[in-house]
Amino acid sequence: MCGIVAYVGAEKAGPILFDTLKRLEYRGYDSAGIAMRSNGDLLVLKSAGRISELEKAYLTQGSPGDCMGIGHTRWATHGRPSDDNAHPHTSGDIAIVHNGIIENYLELRERLFDLGYRFSSETDSEVLAHLINHHFRGDLAEAVSEAISEVEGSYALAVLSSRSSAVVCARKDSPLVIGVGLGCNYVASDVPALLPYTREVVRLRDGELAIIHRGQLEIKDLSGRPVAYLMEHIDWDVDAAEKGGYSHFMLKEIHEQPRALQETMAGRISEIGGDVMIDLGFSDDEVRKIQRVCIVACGTSYHAGLLARYLFLRAAGLPVDVEVASEFQHQQMRPETLLVAISQSGETADTLQALKKASPCGIRCIAITNVVGSTVTNLVDGTIYTRCGPEIGVAATKTFTSQLAALILLGIRLGRARGHISPDKARKMLVEFSRLPGFVQEVLDEREKIREIAEQYAGSSTYFFIGRDYLYPIALEGALKMKEIAYIPAEGYAGGELKHGPLALITDGTPVVALATCGKKIQSNIKEVRARGAELIAIVERGDPNIGKVASTVIELPPAMPILSAVLCTVTLQLLSYYTALKLGREIDKPRNLAKSVTVE
Ligand code: AGP
């Protein structure tokens, strides 16, 4: 996730670009850049690091530039944070800033290279600059339209040229808002950045081009026909706007999950070939020699690892050990073991330490992380990025479901390379998998019902979560969330394990959340707790005829494959803990005693 801005008006563009970019810093902040018209030429300033550093360099140079420009704050997905990878990217006298992922960039890059274009970054975005330049015959909007018709993926795009008096913008599946001022116009990835300047905004829609002049705004479709647009007046305050209108970052991030899952999958699935395209950093011959997988991780990431224990055995025939990183003891691992480190931040000291302990064994290692260039990526052969944008809330939400998606991709990738699953079976799984973002949206649409349930039980002194198979790690994760943000003591158990001790704690009115979307065996565990007076909150597949009869409350989810149902149950439990914490007045985004990234052992 990145932030893009633009300005066309009567004032010097630089200070406005920096100010609006700083308001988008929550979208990512590993590099920044601006491009402006300057005495008939283009002037580009960009570098790795924070926007404020770049602004200092701009001021030192005497605040150059005219009254028209574009800007970018980056959160790396393709290529590490560096000066070269920072946006804007240029081609001739064209500069672009891009937020999104160009899925067919390798193919486009090769073609443009053959046409004589040379690349100075590792990004997918740079192809856009060359492609637009390639199509530019005097009309910038036409060139942008032709270029994006060749692009697969998602984009919010702002384009500047020293030969055009307008900035041209386009979008597909990435947000872009135009702020309409008096004799000037603004662009930003999100409304908050614009509020100090104007409250009149136009939200660009997929398939539209905005041609932004100093005192005029034209919106066209991709074939150049004018499109009517709706001007919206914003009456939120700036603080609420930074969270996109949500009351907390956690709630915003919960709602970002359909998009985050799409980003994790983007360009990695071949439904036709029945395969997953992920470079593991070593050959498929080596993949075939792997006999065991060891996963190290902490907290929520550890729960993602537990789910992979079931998945990798089924999809790839590989037994898996999952270790809490701080307790990792496998210093004598056999060479045919694959070590997978899962860490959203990529900086968790316990996980890094476990990787270091394992390195003398000479085994292959993979990291699954959300942060490009984080320390974990330097300790492994290959990295699978979850690409879900920065997560500000301390409680992991979208990073967890994206880890699950990355593990599903990895499981199928390993299974296909080892011949454990057929292309046909993989194809069926992938087709179903690509429907996951839509299923997650259906769960989010049920939030009011989940809120009512959360409020009903918010006064409870304890909570239990039970699940079996894929849903057991999700029960653990549900309990962790409830402890972490609502501060209610909560236990997650494998359904079959309750009767071996914890059942003694179930008394009249104890809320027990049963994850019952798949498998019949959980029903006997449900009866066990009901017989002890528990208040049963059952999460079931839509249309389940049985559980409604025994449960106090039922939450219905869309029918889906068991592994996908695990993701849907996760989202339900995130909302349950969020609304419980809200009712109890907790400090949700910054729970007491915790930190987003734990860099001490
Ligand atoms: C979960 O909500 C927590 N933020 C915590 O358990 C977290 O998952 C753990 O500290 C590991 O962090 P990592 O994924 O960045 O390594």
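We count ligands from 1, going down the list as the structure has it; atoms in each ligand are counted the same way.
- For the 3.5 Å distance criterion, the side chains of S402 and T386 fail to qualify, holding no donor opposite an acceptor.
- For ligand 1, the 4.0 Å heavy-atom shell takes in C298, G299, T300, S301, S343, Q344, S345, T348, V394, A395, A396, K481, E484, ordered by chain and residue number.
- Taking the centre and axis of the six-membered ring of Y470, the NZ or CZ atom of R314 falls inside the cone set by 45° and 6.0 Å.
- Ring pair F464/Y493 is parallel by interplanar angle, where below 30° counts as parallel and above 60° as perpendicular.
- Seen from the ring of Y487, R592 counts as a face-on cation partner, given the 6.0 Å and 45° thresholds.
- Using the six-membered ring where Trp is involved, Y463 and Y457 have ring planes that are perpendicular, over 60° apart on the 30 and 60° scheme.
- When the side chain to side chain contact (heavy atoms under 4.5 Å, CB included) test is applied to A516, the partners found at least two apart in sequence or on another chain are I522, I526, V540, I547.
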